Amino acid sequence: VQLVESGGGVAQSGGSLRLSCAASGFAFDYSAIGWFRQAPGKEREGVSCITRSDGFTSYSESVKGRFTISSDNAKKTVYLQMNNLKPEDTGVYYCAADSDYYCSDYGPNDPGDFSFWGQGTQVTVSS
């Protein structure tokens with residue numbers, strides 16, 4: 001099982017980036033993919049989540065209205081479009097998957113709910 005993130009980089013405040021999470025090696029269909037981020041010295045926090053069965057999406061309050069999660073099930077790839085970036089969005093972004101999870105209304109709650117993780121991709125937003 002492998003999750004590979006890409007698309008991170010440096011953006012100016014107000015700019016945009018699109019992250020991708022490509023899933024492979026699953027013997028089963030994952031039920032949900034979540035995006036988390038971790039800033040230096042801070043705990044990993046949930047950002048956004050998408051449920052495979054019905055496409056339900058959810059976001060944390062800090063990114064709602066600015067980030068959009070989507071998926072291409074045929075490609076087993078999930079995207080995170082990040083617009084109007086702010087310096088506080090800086091961090092390492094991780095995608096995570098699980099076979100038995102349904103997204104909550106406020107994005108992924110607990111990193112412990114997800115069994116599979118990517119290696120992360122750095123996002124840096126300059127002011």
Side-chain angles (χ1 to χ4, degrees):
V1 173
Q2 190 174 23
L3 297 172
V4 179
E5 302 98 334
S6 61
V10 179
Q12 290 191 335
S13 183
S16 299
L17 287 171
R18 188 177 83 152
L19 306 183
S20 299
C21 172
S24 63
F26 282 86
F28 46 85
D29 287 333
Y30 52 81
S31 63
I33 282 189
W35 283 99
F36 291 80
R37 67 186 181 189
Q38 189 165 19
K42 294 189 177 181
E43 292 186 353
R44 195 167 296 189
E45 64 167 335
V47 173
S48 183
C49 190
I50 186 165
T51 301
R52 183 185 177 93
S53 60
D54 59 6
F56 175 78
T57 61
S58 61
Y59 303 89
S60 66
E61 288 298 319
S62 62
V63 305
K64 189 176 292 184
R66 300 187 297 121
F67 291 11
T68 303
I69 191 170
S70 62
S71 68
D72 183 333
N73 288 341
K75 295 182 178 179
K76 293 190 176 181
T77 300
V78 171
Y79 306 96
L80 186 67
Q81 177 68 44
M82 306 186 296
N83 296 330
N84 192 20
L85 284 163
K86 303 177 181 180
E88 52 263 43
D89 294 320
T90 294
V92 179
Y93 282 68
Y94 301 89
C95 68
D98 198 80
S99 61
D100 185 25
Y101 183 79
Y102 192 90
C103 300
S104 74
D105 290 341
Y106 303 101
N109 289 327
D110 184 348
D113 290 334
F114 292 81
S115 301
F116 307 101
W117 288 83
Q119 82 289 349
T121 185
Q122 176 71 44
V123 170
T124 303
V125 183
S126 60
S127 57

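Quick caveat: nothing in here was measured; it's all calculated off a predicted structure. The first residue in the sequence is number 1, and the count goes up from there.
The heavy-atom pair separating V78 from I33 by the smallest distance is CG2-CD1, 3.6 Å. Contact record, D89 with R37: OD1-NH1, 2.8 Å, taken as the closest heavy-atom pair. Between N109 and S104, the closest heavy-atom pair is OD1-OG, 3.3 Å. In terms of heavy atoms, W35 sits closest to P108 at O-CG, 3.6 Å. Taking every heavy atom of both residues into account, N84 and R66 meet most closely at O-NH1, 2.9 Å. The two residues G8 and L19 have their closest heavy-atom pair at N-CD2, 3.5 Å.
The closest side-chain heavy-atom distance from Y102 to D54 is below 4.5 Å. The shortest side-chain heavy-atom distance between Q122 and V10 does not fall under the 4.5 Å cut-off. Looking at E5 and Y93, their side chains never come closer than 4.5 Å, going by heavy atoms from C-beta outward.
Distance check: S127 OG to K86 NZ gives 13.5 Å after rounding to the nearest 0.5 Å. Considering CD1 of I50 and SG of C21, their distance stands at 11.0 Å, rounded to 0.5 Å. A distance of 8.0 Å separates CD of Q2 from CD of Q119, quoted to the nearest 0.5 Å. Taking OG of S99 as the start and CZ of F116 as the end, the distance is 6.0 Å to the nearest 0.5 Å. Here OH of Y59 is found 7.5 Å from CG of L80. Values are rounded to the nearest 0.5 Å. Atoms SG and CD1, from C95 and I69 in turn, are 9.5 Å apart once rounded to the nearest 0.5 Å.
No hydrogens or angles considered: nothing links the side chains of D100 and S31 as a donor-acceptor pair under 3.5 Å. Side-chain atoms of S58 and D105 include no donor-acceptor pair closer than 3.5 Å. Between the side chains of S62 and S60, a donor-acceptor pair is found at a separation under 3.5 Å.
Surrounding NZ of K75 are at most 12 heavy atoms belonging to other residues, nucleotides or ligands under 6.0 Å away. At most 12 non-hydrogen atoms from other residues, nucleotides or ligands lie less than 6.0 angstrom from OH of Y106.
Between the side chain of D98 and the main chain of S115, a donor-acceptor pair closer than 3.5 Å is present. For the pair T51 (side chain) and C103 (backbone), a donor-acceptor distance under 3.5 Å is present.
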message = Apply side-chain contact (heavy atoms from CB on, under 4.5 Å) to residues L17 and L85 and explain how you reach the verdict.
response = CA-CA 8 Å; L17 287 171; L85 284 163; 4.0 Å; yes
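Cluster partners of Y101 are F36, V92, Y94, F114, W117, counting Ile, Leu, Val, Met, Phe, Trp and Tyr whose side-chain heavy atoms approach within less than 4.5 Å, directly or via other members.
R18 pairs by the side-chain contact (heavy atoms from CB on, under 4.5 Å) definition with Y79, Q81, not counting sequence neighbours.
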